[in-house]
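Sequential numbering from 1 along the given sequence is applied to the chain's residues.
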Amino acid sequence: MLNEHLFDDKKDIEIARLKKVIEDFKEYDEKRKRYYAEKMRRLGELESLLCEINEAKDKADLRKVILNQKKAITDLSRIISVRRIEESRTSEELGEIVSSYQLKKNNKELKKRIKELQATVEELIAKMGK
């Protein structure tokens, strides 16, 4: 509500009222856009799920589709959570995380190499035993 006593001219009152209406509409329109964007995203997800369900031949395929969808949702939720966590970390902490990840990756590769070498050793021992 505008205080009409603060304005000298009726045109100024009308201009102020229209500016207020425009601002209110912009705010409403922004909320509406966000709402419909979210609903369209959700509709896309549901259409994707429906297509996968329609493509499923039997109940086993349907269960597999549902499990895959649940796994995808869980993975995406984890990614979102990690991004929120990472924003609050310092660069030193992020460096430690990257370093830890590299060490784990190297350990997996080394374990794989050890298994290959053990198989080679067993094969050589078997050949020597003949």
Side-chain angles (χ1 to χ4, degrees):
M1 214 56 198
L2 296 173
N3 190 345
E4 295 177 10
H5 301 296
L6 296 177
F7 297 99
D8 295 329
D9 192 6
K10 292 214 182 255
K11 288 181 184 178
D12 292 337
I13 295 170
E14 186 65 16
I15 290 170
R17 188 186 68 77
L18 291 173
K19 283 183 180 180
K20 175 74 172 131
V21 168
I22 289 170
E23 289 300 316
D24 290 345
F25 179 77
K26 285 181 181 178
E27 184 179 318
Y28 159 78
D29 192 45
E30 186 62 34
K31 288 179 183 177
R32 182 188 61 81
K33 285 178 184 176
R34 278 186 269 139
Y35 173 81
Y36 281 108
E38 173 63 23
K39 294 304 175 191
M40 292 305 291
R41 184 191 62 77
R42 180 79 174 127
L43 177 63
E45 290 174 0
L46 292 172
E47 285 176 340
S48 172
L49 178 61
L50 185 61
C51 285
E52 288 184 33
I53 289 171
N54 288 337
E55 291 172 3
K57 301 294 183 220
D58 57 28
K59 289 182 181 180
D61 287 342
L62 182 59
R63 285 187 189 123
K64 186 176 177 183
V65 167
I66 292 171
L67 290 176
N68 287 341
Q69 288 287 328
K70 284 183 180 180
K71 185 181 181 304
I73 290 170
T74 302
D75 292 344
L76 292 173
S77 296
R78 286 182 183 158
I79 289 170
I80 291 169
S81 297
V82 167
R83 285 189 178 156
R84 287 184 187 143
I85 291 170
E86 298 308 316
E87 290 173 356
S88 65
R89 297 203 182 218
T90 65
S91 60
E92 293 171 354
E93 290 173 324
L94 293 174
E96 290 174 5
I97 290 170
V98 170
S99 175
S100 173
Y101 173 77
Q102 278 301 111
L103 290 172
K104 287 179 182 179
K105 186 177 176 183
N106 290 343
N107 280 346
K108 285 182 181 178
E109 291 172 4
L110 289 173
K111 286 178 182 178
K112 182 179 176 184
R113 181 80 174 126
I114 288 171
K115 287 182 181 179
E116 292 171 356
L117 291 173
Q118 285 176 339
T120 304
V121 168
E122 290 174 4
E123 184 180 314
L124 292 172
I125 289 173
K127 283 183 181 179
M128 286 178 59
K130 289 185 180 179

SB check E109 K112 (cutoff 4.0 Å): no
S77 side-chain N/O to I73 backbone N/O, donor-acceptor pair under 3.5 Å: yes
Of all pairs that satisfy side chain to side chain donor-acceptor pair (under 3.5 Å), the ones with a partner from residues 36-49, not counting sequence neighbours: E38-R41, R41-E45
Test side chain to side chain contact (heavy atoms under 4.5 Å, CB included) applied to D29 and R32, step by step: CA-CA 5 Å; D29 192 45; R32 182 188 61 81; 2.4 Å; yes
Inter-residue atom distance E122.CD - I125.CD1, 0.5 Å rounding: 7.0 Å
Verdict with reasoning, E23 to K19, per salt bridge (charged side-chain N to carboxylate O under 4.0 Å, His left out): CA-CA 6 Å; E23 289 300 316; K19 283 183 180 180; over 6 Å; no
From CA spacing to verdict: side chain to side chain contact (heavy atoms under 4.5 Å, CB included), K20, D24: CA-CA 6 Å; K20 175 74 172 131; D24 290 345; 3.1 Å; yes
L18 vs E14 side-chain heavy atoms within contact, under 4.5 Å: yes
Side chain proximity check, L43 to M40, heavy atoms < 4.5 angstrom: yes
Side-chain touch K104/K108, heavy atoms, less than 4.5 angstrom: no
Check: E27 and E30 side chains under 4.5 Å, non-hydrogen atoms: no
Atom pair CD/CG of Q102 and N106 - distance to nearest 0.5 Å: 6.0 Å
Inter-residue atom distance Q69.CD - T74.OG1, 0.5 Å rounding: 11.0 Å
